[in-house]
Amino acid sequence: MGRTDYLDRLNDKQKEAAMHTEGPLLILAGAGSGKTSTMTCRIAYLIREMGVSPYNILAVTFTNKAAGEMRERVADLIGEGVNMWILTFHSACLRILRYHAEVLGYGRDFAVYDPTDQKSVIKGICKDLNIDTKKFNPNYFLSQISKCKEARISPKQYCNEFGYDFKEEMVQSVYEKYEQTLQKNNAMDFDDLLLKTVELFEKDEAVLLKYQNRFQYVMVDEYQDTNMIQYTFVKMLADARDERGNVRNNICVVGDDDQCIYQWRGADIRNILEFEKDFPGAEVVKLEQNYRSSANILAAAHSVIEHNRDRKQKKLWTDAEDGSKIIYQRLDNERDEAYFVAGEINRLSGGRYNDFAVLYRTNAQSRTFEEALSRREIPYRVLGGLRYYDRKEIKDIMCYMRLVQNKADNLALVRIINEPKRGIGGKSIEKLTAQAAGQGKSMFQLLMDPEVLSQFGNKQSMALKEFAELIERYSAEKENMKISDLYDALLVNSGYLKALEDQKTIEAESRIENLMEFKSVIYDYEKDEPDLTLAEFMERIALLADVDNHDTDENAVVLMTLHSAKGLEFPYVFMPGMEDGLFPGWRAFDRPDGLEEERRLCYVGITRAKERLWMTSAETRTIYGKMDYTRESQFLHELDKNLIEGDGIYEKKEKSVAGAFKDGAAESAPYKPFDQLKYAKQQTKQRAAAMEKAKSESFKVGDIVRHPKFGEGKVVECTDKTIRVEFADEARKLALGFAPIEKV
DNA sequence: GACATATCTAAAGCC
DNA sequence: TAGATATGTC
């Protein structure tokens with residue numbers, strides 16, 4: 001094998017990008033054009049061929065999953081144990097801030113507040129300021145504050161920016177108070193992580209210089225989704241000088257302007273459109289060969305995105321066959337739509353479900369699909385909606401741990417001071433809050449003061465004292481305890497577990513199960529990193545997102561929004577709800593380029609599909625309990641009609657759909673609500689058993705196997721979880737234990 | 001302070 | 001429709 005064999009796997013354009021190492025580089029990577037390979041090979045090339053130390057490279061992504069994937073693939077290329085910063089924007093900033101928090105007036109052990117925490121803070125402030133949260137939604141304040149932080153508008157500048165109306169002045173005072181509260185609680189929100197890092201760089205030149213010298217090569221993934229502050233962050237790092245005093249600008253960004261779908265969240269598409277202006281002398285490489293989708297799917301995607309005005313000119317092409325046409329089906333209502341989808345999956349899956357994805361516009365659409373799929377007894381997983389870490393019991397126990405970690409965290413204290421019930425109600429909490437604010441002390445400090453306690457009734461002061469002592473004790477001992485032991489101790493000694501056990505309801509049962517599940521999460525972390533401190537552990541959890549939980553090996557249909565599907569791919573994709581008002585959503589018209597963004601979202605959806613794509617719409621749809629007649633999405637009309645199967649478009653097909661569900665069996669099966677957790681556990685068990693079985697059958701490379709659907713094939717690759725088989729038509733990766741394959 | 005009932009509101013969600 | 005929150009009652 002040659003030294004640069006990994007480069008040989010790239011096409012010419014990819015190679016060009018991977019081997020461009022000095023000076024600014026923009027890689028315009030269309031959907032499915034092998035962007036991750038290109039990036040990882042570039043990193044390998046830097047290290048192996050250019051002699052750059054991994055220490056000097058920074059690669060930032062948006063999701064942990066993307067970061068993890070990149071890290072893994074780089075490790076594959078250059079060997080294990082690479083100590084390199086391949087991180088999300090937020091974790092990179094967090095790491096930096098931990099070292100220098102004092103410069104900004106924060107303690108090193110500052111907490112990271114998630115949106116739920118933020119909302120509690122806002123609510124508290126509204127109460128203080130006598131703002132009626134019925135008239136003014138706390139979410140409004142939050143989104144305004146977030147907008148400000150992304151655009152670096154301080155509370156003082158707020159009214160300059162947005163006007164001096166009554167409303168704006170109110171937002172300003174909430175924003176101001178919000179900042180004070182976080183500072184006092186020694187906490188930062190997600191936006192702060194980025195903002196404060198930039199502020200740190202501005203405030204302390206030595207610190208900036210340190211990181212500029214360290215990160216001589218900066219790479220940014222999904223550049224089209226960066227906001228102003230993220231742009232500033234990378235720009236400042238790239239602004240480093242070399243020995244001769246020239247700006248280094250060794251920055252490589254990868255993105256696709258057609259996939260910018262987060263403008264509503266502050267992403268600034270101009271960052272990518274104007275990269276060449278920002279970084280003079282930038283080289284631009286376009287990756288236009290698509291390795292993912294059939295030609296028809298690609299053409300369909302193109303026919304839609306073409307309707308956008310502001311885009312970089314490029315056109316994806318492929319060597320792949322035309323493949324199937326896109327199937328469009330209009331149905332009576334959203335139930336029929338879901339049954340149609342479930343029926344199609346049932347018809348085609350052959351027991352293999354993780355090839356299928358249902359990608360909808362809004363989370364609310366998931367319900368009907370859950371129902372239809374569970375009637376068919378098709379395993380599925382819903383991503384999004386309620387985050388695992390947003391569950392009450394998990395948040396509660398996390399707050400215990402947070403308080404132990406950072407006693408100034410008043411928010412955590414308020415959340416758990418009466419959880420389990422200790423007889424501490426709103427009045428007592430108000431009293432404490434007021435005194436803490438008055439004396440400039442943390443609420444926890446007050447609880448340790450006998451004089452403060454004496455203001456409360458006998459029963460209450462006992463309870464408060466006990467609570468404070470519990471926290472104090474474990475705060476002192478946390479360094480000497482394993483995280484899992486601390487977790488147990490808090491759960492038991494706080495009485496939290498017992499309170500749940502005493503309830504003896506199904507709901508409490510499931511909460512306990514969740515808590516046990518969480519403990520196994522802790523075990524996993526401890527196993528991987530025995531030296532992990534409590535603080536570090538909490539950080540990992542805080543920065544975890546939902547898509548990070550997507551396990552491609554799990555044999556289940558995936559249900560998620562189009563947004564979370566970005567970056568993923570599936571052989572079979574369903575896009576339901578192709579209706580005006582839903583997709584594109586009505587709100588798209590609130591923003592000037594809203595419709596274009598929706599169209600990009602449609603493009604993202606279509607390009608997730610490798611082999612087949614279904615689109616459906618419902619003639620009537622019930623939203624929020626109200627039934628409405630719908631009109632077919634304008635995107636359907638933009639789609640090249642020659643690529644759509646049959647003549648079903650724009651007219652309802654006669655009941656072929658209902659037929660998919662009229663086999664009786666499914667109809668008579670009672671609907672039972674689907675228990676995610678139970679299912680997950682069952683799956684884990686089944687999977688373990690199935691894998692055992694698969695191991696005992698021990699497939700080897702070269703074996704001839706039979707699949708009821710795909711026929712006979714030869715095993716070409718075998719890992720402990722998956723097996724790759726070359727069938728007559730093509731090679732397929734199958735999940736061991738789930739794929740109905742047998743040795744011949 | 002705890003529990004039951006009435007009322008309100010509703011995208012997308014990286015980190 | 002369903003969930004989260006505000007209000008009322010014991």
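Each chain gets a letter, A, B and so on, in the order its sequence line appears, and its residues count up from 1.
- Within the nucleic acid shown, A/Gly423 comes within 4.0 Å of sugar-phosphate atoms alone, with no base atom in reach, counting heavy atoms only.
- The side-chain tip of A/Arg95 points at the ring of A/Trp85 from less than 6.0 angstrom away and within 45° of straight on.
- Ring stacking is absent between A/Trp264 and B/dA11, as the pair misses the limits of under 5.5 Å between centres and under 30 degrees between planes.
- At least one cation-pi condition fails for A/Arg375 and A/Tyr339: the charged atom is not both under 6.0 angstrom from the six-membered ring centre and inside a 45 degree cone around its axis.
- The CG atom of A/Asp117 sits 20 Å away from the P atom of B/dG13 (whole-angstrom rounding).
- Atom CG of A/Asp192 is separated from atom P of B/dC14 by 20 Å (rounded to the nearest Å).
- Between A/Asn418 and A/Arg587, the residue anchored nearer the 5' end of DNA chain B, judged by the nucleotide with its closest heavy atom, is A/Asn418.
- Residues A/Tyr380 and A/Phe369 place their aromatic rings such that the two centres sit no closer than 6.0 Å.
- When rounded to the nearest whole Å, the span between CG of A/Asn227 and P of B/dC14 equals 15 Å.
- C/dT5 atom C1' lies 15 Å from atom NZ of A/Lys392, rounded to whole Å.
- For B/dA12, one of the phosphate oxygens OP1 or OP2 lies less than 4.0 angstrom from a side-chain nitrogen or oxygen of A/Asn363.
- The side chain of A/Ser564 lies closest to B/dC14, out of B/dA2, B/dA11, B/dC14.
- For A/Thr561 and B/dA11, the shortest distance from a side-chain N or O to OP1 or OP2 is not below 4.0 Å.
- With rounding to whole Å, A/His563 atom NE2 is found 9 Å from B/dA12 atom P.
- Across all strands shown, A/Lys626 has no heavy atoms under 4.0 Å from either base or sugar-phosphate atoms.
- Between the CZ atom of A/Arg265 and the P atom of B/dG13 there is a distance of 9 Å, given to the nearest Å.
- Distance from the side chain of A/Tyr624 is smallest for B/dA10 among the nucleotides B/dC14, B/dA12, B/dA10.
- The side chain of A/Asn139 places no N or O atom within less than 4.0 Å of a non-bridging phosphate oxygen (OP1 or OP2) of B/dA10.
- In this pair, A/Phe215 and A/Tyr211 present their aromatic rings parallel. The plane angle is below 30°, not in the 30 to 60° band.
- A/Lys149 forms no cation-pi arrangement with A/Tyr175, by the criterion of a distance under 6.0 Å to the ring centre and an angle within 45° of the ring axis.
- Summarising the geometry, the separation between CG on A/Leu562 and P on B/dA12 is reported as 11 Å, rounded to the nearest angstrom.
- Note: A/Phe190 and A/His90 have perpendicular aromatic rings, judged against thresholds of 30 and 60 degrees for the angle between ring planes.
- The side chain of A/Lys123 has C/dT5 as its nearest neighbour among C/dT5, B/dC14, B/dA11.
- Atom CG in A/Asp114 sits about 13 Å away from atom P in B/dC14, given to the nearest Å.
- Taking only distance into account, the side chain of A/Arg361 meets the base of B/dA11 through a donor-acceptor pair shorter than 3.5 Å.
- When each of B/dA2, C/dA2, B/dA11 is scored by its nearest atom to the side-chain atoms of A/Arg367, the top-ranked nucleotide is C/dA2.
- For A/Gln460, the side-chain atoms get nearest to B/dG1 when compared with the rest of C/dA2, B/dG13, B/dG1.
- At the heavy-atom level, A/Thr622 lies nowhere under 4.0 Å from the strands shown.
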